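Since this is a predicted model, take the numbers as computed values, not measurements. Residue numbers begin at 1 in each chain, while the letters A, B, ... track the order of the sequences.
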Number of protein chains: 2
Amino acid sequence: MLKLTKKADYGLMALKYLAEHPETTALSAKEVADAYGIPAQLLAKILQLLTKNGLLRSHAGMNGGYALARDAREISAYEVIHAIDGPFFITSCTKGAKSCELTPSCTIKEPLARVNDTIAGVLKSISIHDLAEFEQPVGRAREANRLVSLTL
Amino acid sequence: MLKLTKKADYGLMALKYLAEHPETTALSAKEVADAYGIPAQLLAKILQLLTKNGLLRSHAGMNGGYALARDAREISAYEVIHAIDGPFFITSCTKGAKSCELTPSCTIKEPLARVNDTIAGVLKSISIHDLAEFEQPVGRAREANRLVSLTL
DNA sequence: TGAAATCCCGACAGAAATGGTCGTATACTG
DNA sequence: CAGTATACGACCATTTCTGTCGGGATTTCA
């Protein structure tokens with residue numbers, strides 16, 4: 001529960017991999033899949049999704065493949081997850097759509113919607129660059145804390 | 001994705017309902033289920049789980065039922081979700097268990113584990129009392145913001 | 001121009017998680 | 001003892017997730 005799907009995981013891993021190889025113009029789905037031992041065809045579809053959503057640029061033909069459409073710092077984990085798994089909501093029903101099908105009194109949702117927003121905020125504050133591993137000076141200084149506020 | 005299961009939803013709703021009826025000594029699973037239109041037998045099992053995990057006290061026999069084991073402010077949404085759906089992790093694999101089965105280089109997990117902790121923190125900071133609806137003076141003053149910090 | 005590499009995409013099958021039901025046993029009340 | 005409840009295990013139905021297959025389109029390069 002409250003778990004990322006494997007697809008989203010794969011997507012994040014792939015973007016991370018691409019971010020770590022900026023020197024190359026493009027990497028094929030197969031290359032990335034092999035690097036992590038992910039089913040190639042599955043990853044291919046995921047990358048296609050990410051392309052359709054503007055997170056990647058793709059190029060067919062020999063030496064083709066995928067590359068980040070933007071700087072790794074400008075792509076958030078939230079976007080990736082959203083592109084792959086669609087809009088997410090903590091609660092099954094959300095007032096957004098056709099409000100709650102359960103009896104009128106499904107009042108628990110409103111507070112949880114705030115939790116939902118908070119989590120989304122956290123995910124939005126994480127970029128692919130944050131996930132990638134770059135050399136860091138020993139005794140590396142970590143970035144400043146991010147503060148997320150939650151109002152009930 | 002990243003969605004609460006219906007069971008967890010039901011559990012939260014039920015606890016909320018119990019919190020809103022402190023005058024009664026106990027409410028039966030059926031009463032709560034009827035109040036929300038939830039399948040009674042399913043809710044029963046959920047309440048049993050919550051009882052086993054120490055969040056509720058149960059009492060069989062006539063006028064029996066369930067009651068909060070503690071003050072509503074002392075029961076967090078996290079506990080409820082955890083009791084119902086088991087430990088949750090954002091990532092499929094977690095170094096906790098038997099580390100990642102994927103190729104060694106599943107390094108994305110470490111940053112995500114922090115996200116996981118942050119979300120858990122948010123959930124822990126929400127109590128059943130927060131979910132319940134109590135009369136509030138018009139122009140009600142909401143509680144102070146909660147700040148959650150995320151370090152990458 | 002043709003072969004190879006690569007992306008694109010819809011359909012589908014197997015597996016797993018989830019939601020929900022049933023039946024029975026057990027405990028408490030009056 | 002009869003009625004009301006909880007306790008619990010087995011089971012099934014449905015949905016969601018993962019992964020595969022097959023055919024088609026695009027680009028490169030010899």
Could you go over nucleotides 26-28 of chain C and give all protein N or O partners under 3.5 Å, atom names and distances?
{"from": "C:dC28", "atom 1": "O3'", "to": "B:His59", "atom 2": "NE2", "distance (Å)": "3.2"}

Atom pairs, protein N/O to nucleotides 9-14 of chain C N/O, distance under 3.5 Å:
{"from": "C:dA11", "atom 1": "N6", "to": "A:Lys45", "atom 2": "NZ", "distance (Å)": "3.0"}

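In this structure, the NZ atom of B:Lys3 is 17 Å from the P atom of C:dA17, given to the nearest Å. In this structure, the CG atom of B:Leu4 is 10 Å from the P atom of C:dG19, given to the nearest Å. Straight-line distance from the CD1 atom of B:Ile46 to the P atom of D:dA7: 14 Å, rounded to whole Å. One atom, CZ of B:Arg57, and another, P of D:dA7, lie 12 Å apart when rounded to the nearest Å. Between the C1' atom of C:dA17 and the CD1 atom of B:Ile84 lies a distance of 16 Å, rounded to the nearest Å. What separates OH of B:Tyr66 from P of D:dA5 is a distance of 12 Å, to the nearest Å. As rounded to whole Å, 13 Å separates atom C1' of D:dC21 from atom CG of A:Leu42. Rounded to whole Å, atom C1' of D:dT4 lies 15 Å from atom CG of B:Leu27.
The shortest distance between side-chain heavy atoms of B:Leu27 and B:His21 falls below 4.5 Å. By the 4.5 Å heavy-atom criterion applied to side chains, B:His82 and B:Pro87 are counted as neighbours. For the pair B:Leu15 and B:Leu131, the minimum side-chain heavy-atom distance is 4.5 Å or more. A 4.5 Å side-chain heavy-atom check between B:Tyr66 and B:Glu31 finds every atom pair outside the cut-off. Proximity of B:Leu12 to B:Ile128: side-chain heavy atoms (C-beta onward) are separated by under 4.5 Å at one or more points. Here the side chains of A:Leu55 and A:Glu79 are in contact, with some heavy-atom distance below 4.5 Å.
B:Val115 pairs with exactly one of A:Leu123, A:Leu4, A:Ile119 by the side-chain contact (heavy atoms from CB on, under 4.5 Å) rule, that one being A:Leu123.
No contact: A:Lys30 has no heavy atom under 4.0 Å from any strand. Among the atoms of the strands shown, none is found under 4.0 Å from any heavy atom of A:Ala44.
A:Tyr78 is connected to A:Leu18 through a chain of hydrophobic side-chain contacts under 4.5 Å among Ile, Leu, Val, Met, Phe, Trp and Tyr, so both are in one cluster.
Checking C:dG30, D:dG19, C:dG19 against every side-chain atom of B:Asn63, the shortest atom distance belongs to C:dG30.
Phosphate contact (OP1/OP2 of D:dA7, side-chain N/O of B:Ser58, threshold under 4.0 Å): present. For D:dT6, neither phosphate oxygen OP1 nor OP2 lies less than 4.0 angstrom from any side-chain nitrogen or oxygen of B:Thr51. Listed pair A:Tyr10 / D:dC17 fails the phosphate criterion, with no side-chain N or O lying under 4.0 Å from OP1 or OP2.
The OG1 atom of B:Thr51 sits 13.0 Å away from atom NE2 of B:His59, with the distance rounded to the nearest 0.5 Å.
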